[in-house]
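A short write-up of the structure that comes next.
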Protein chains: 4
Amino acid sequence: MTRSAPDPARRSERSRTAVLTAAAELVAEVGFARLTIEAIAARAGVGKQTIYRWWPSKGAVVFDAFLAASENASGSLDLPDTGDLAADLRAVLRPTADELADPGFDNTGRALTAEVVTDPALLREYRERLLDPLLEVTRERLRSARESGEIAPDADLDLAVELLYGPMYYRWLHGLGPLDHGYADRLLDAVLRSLRT
Amino acid sequence: MTRSAPDPARRSERSRTAVLTAAAELVAEVGFARLTIEAIAARAGVGKQTIYRWWPSKGAVVFDAFLAASENASGSLDLPDTGDLAADLRAVLRPTADELADPGFDNTGRALTAEVVTDPALLREYRERLLDPLLEVTRERLRSARESGEIAPDADLDLAVELLYGPMYYRWLHGLGPLDHGYADRLLDAVLRSLRT
Amino acid sequence: MTRSAPDPARRSERSRTAVLTAAAELVAEVGFARLTIEAIAARAGVGKQTIYRWWPSKGAVVFDAFLAASENASGSLDLPDTGDLAADLRAVLRPTADELADPGFDNTGRALTAEVVTDPALLREYRERLLDPLLEVTRERLRSARESGEIAPDADLDLAVELLYGPMYYRWLHGLGPLDHGYADRLLDAVLRSLRT
Amino acid sequence: MTRSAPDPARRSERSRTAVLTAAAELVAEVGFARLTIEAIAARAGVGKQTIYRWWPSKGAVVFDAFLAASENASGSLDLPDTGDLAADLRAVLRPTADELADPGFDNTGRALTAEVVTDPALLREYRERLLDPLLEVTRERLRSARESGEIAPDADLDLAVELLYGPMYYRWLHGLGPLDHGYADRLLDAVLRSLRT
DNA sequence: CTTTAATCGAGACGGTACGTCCCGTCTTTTA
DNA sequence: TAAAAGACGGGACGTACCGTCTCGATTAAAG
């Protein structure tokens, strides 16, 4: 006898929102490791079962809270195409550096990373809802640049996006150095130099 | 009345080894999240207090176990200088790709990453004992190449090592694609193209 | 705004029966302590609210189920008056012993007892619907015997019924010994000996 | 792999006492049904696991608390043998009636009864530690009376003790009437009348 | 070569959180 | 408007581990 799935139609929107808000607040206050489901439930004024009914894990709740915030605030996904590739990519890399450098983001971002790289289900969701779209718009812009001759006609776009985002992420995660606009620009230059022919 | 520090001279080598071995086995079996101090103690045939006496946290034990293994197996830290920069870097990037692609390493590596990026103390130790030495020998090889004119005289070596390792790490953590020798070579080509002028 | 009482006229007889049947089955299967309202509702194919609407407590449901069964099967309440007091009482005590000795009754009977002696409301209902009628017909038969001179004219009938039923109940509840016809007869002899003059 | 039993030698007497005291207080305050293990642990200043380690159930804790109190206060088990059977038994039955009539005992006693008649393991312990000793000293006194000719030489002593205690217990449990010395005396008279010839 | 002090295996302890079960209430939909 | 269904806030369950704390029993240096 299998456990019957809950009916999403009857889900309480009020509870869902309260849980995500409480989770976001708490993860910022105490960090992910010290975060407990009980505390989320208490803060949200919700029964624990309501959380367990709709989310498979603590990580999933926090991740969902993060997604909800990201998707509200988004707009970063429209990478412009002004014809100037360097300028367009700079418009993405600089804000990315700013976000990673923001001390308020650091805790949450690291917690999220730890969860995502550790839980395959979360990774999948992260890919689908955040990472892949970002990489795809970037690739799309590069494709356009390739057609217009700004970069080499045989440029490997998958590699290119990894060259754009990988080093910065690597620097951030390991605390290798400052993440300012100067760094973003130098990184961008280096990558474009590689792509140009 | 202050708690007196334990005396390392009296430390039982047998216990230390047993703990590290048990930790390594268990993290491979159940993953880091489900790993418990009690299980390590039981598997090692050791009292819990013995673990608490010598390590500050579960993460520290696992990390120590990982270090012990790494330092035994190491030798990767002698990056050759044959005069052919591409060949020398290939001798590092290909084995790195191999390790990341090894399914047996995946769990442990991800667990370690999650801990390290989340716990500042562990990150510091990781930097000092593993990452910084690796980056430094790489920078050193690049410095030598800069002097010999293989790469541009104003090449930014800090950025260069991030360009070498960041994209591969990014691809691995997010599962963006296969990590084979072809990939390592393409990545290396791209980076060298950027550094050459 | 007061909560309006449910209208018994609109009550579903089908649901009522299903609940009582399910409760009787489940109490026999898992015992009273492990019995839950949710399980009764599920087994009966009934909403939980339907149970809460018509019964004040789990005990009340089970008790009602027991009553429904008892009242169907009853007939024991017509204590004969053949003029032979010993024979007439034997006709009550022997079946009572049989019922208490029935292993199928044991669990249910003990659960019922535990509830009844613990919940004043249930005790009242138990007295009114089962116990008092039984004691009263017994007292009535003794009254008739007193008038016919079979027992002492000053016999205390309240005490007499307690002497008839108390020892057997005591033996059953505490498992002090077998409850067979021989025991019922010896008990009856002892009590009659006391009552005779 | 079986769960290894705890070592009684290392048991904390302080915790044991605190738990029993807390249980006794709480069962008097809120009754058995509303009593929770968590509340006992909290009141006793003890971890829940400490309770679960040493007692199999809530009933067992409360029962143990009751036993501890009973065995401290006991002394009722020395039934005198003055040669006057009626007087000696009166010395037991009257205090028994007093205890059952005590409103402070009622809740606890009913809760205890409910548990004991419902849980075979508790019943066994109740029999061994409280009931059987009481019945045996009573039987012993009756045996002595039988030898001295005060009661019939073929008196059934098992039945006799049930006649002495059963009716009073029956009256108490079902609230059939007052439990005063007059009642105790009338009951005793009736039983002795039955035993005499 | 003892003595003595620290470490060791073991595991009970006071706690915290877990994930589950069930409570009794409330809401939605169906008949 | 009662009923079936089941989500909800809540409380307690019994379990798993946490990190601390005794307990003897080694064990290795200092006397």
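Basis for what follows: all heavy atoms, side chains included, without hydrogens, waters or symmetry-related copies. Everything quoted here is computed from the prediction, not taken from an experiment.
Here salt bridge (charged side-chain N to carboxylate O under 4.0 Å, His left out) pairs that include residues 40-49 of chain D, with residues two or more places apart or in two chains, are D/E25-D/R43, D/E29-D/R43, D/E38-D/K48.
Both tests pass for A/R11 against the ring of A/W55: distance under 6.0 Å to the centre and angle within 45° of the axis.
In this entry the distance linking CH2 of C/W55 with P of F/dA2 reads 15 Å, nearest Å. Distance CZ (D/R16) to P (E/dG14): 14 Å, rounded to an integer number of Å. The CD1-P distance, from A/I51 to E/dG19, rounds to 11 Å in whole Å. Distance C/L26 CG to E/dC22 C1': 14 Å, rounded to the nearest Å. Whole-Å rounding puts the B/R43 CZ to E/dG9 C1' distance at 18 Å.
Other residues, nucleotides and ligands contribute more than 12 heavy atoms inside 6.0 Å of the CZ atom of B/R53.
Under the 4.5 Å side-chain criterion, counting only non-hydrogen atoms from C-beta, B/F63 is in contact with B/E125. Between A/L173 and B/L173 there is a side-chain heavy-atom pair separated by less than 4.5 Å. Looking at heavy atoms from C-beta onward, B/R110 lies out of side-chain contact with B/F32 at the 4.5 angstrom threshold.
If C/Y52 and B/A42 are placed on DNA chain E by their nearest nucleotide, the residue sitting closer to the 5' end is B/A42.
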All N/O contacts under 3.5 Å from nucleotides 4-12 of chain F to the protein, with atom names and distances to one decimal?
residue	atom	partner	partner atom	Å
F/dA4	OP1	C/S15	OG	3.1
F/dA4	OP2	C/G47	N	3.2
F/dA4	OP2	C/T50	OG1	2.8
F/dA5	N3	A/R10	NH1	3.4
F/dG6	O4'	A/R10	NH1	2.9
F/dA7	OP1	A/D7	N	3.1
F/dC8	OP1	A/S12	N	2.8
F/dC8	OP2	A/R53	NE	3.0
F/dC8	OP2	A/R53	NH2	3.4
F/dC8	OP2	A/W54	NE1	2.7
F/dG9	OP1	A/S15	OG	2.9
F/dG9	OP2	A/G47	N	3.3
F/dG9	OP2	A/T50	OG1	2.8

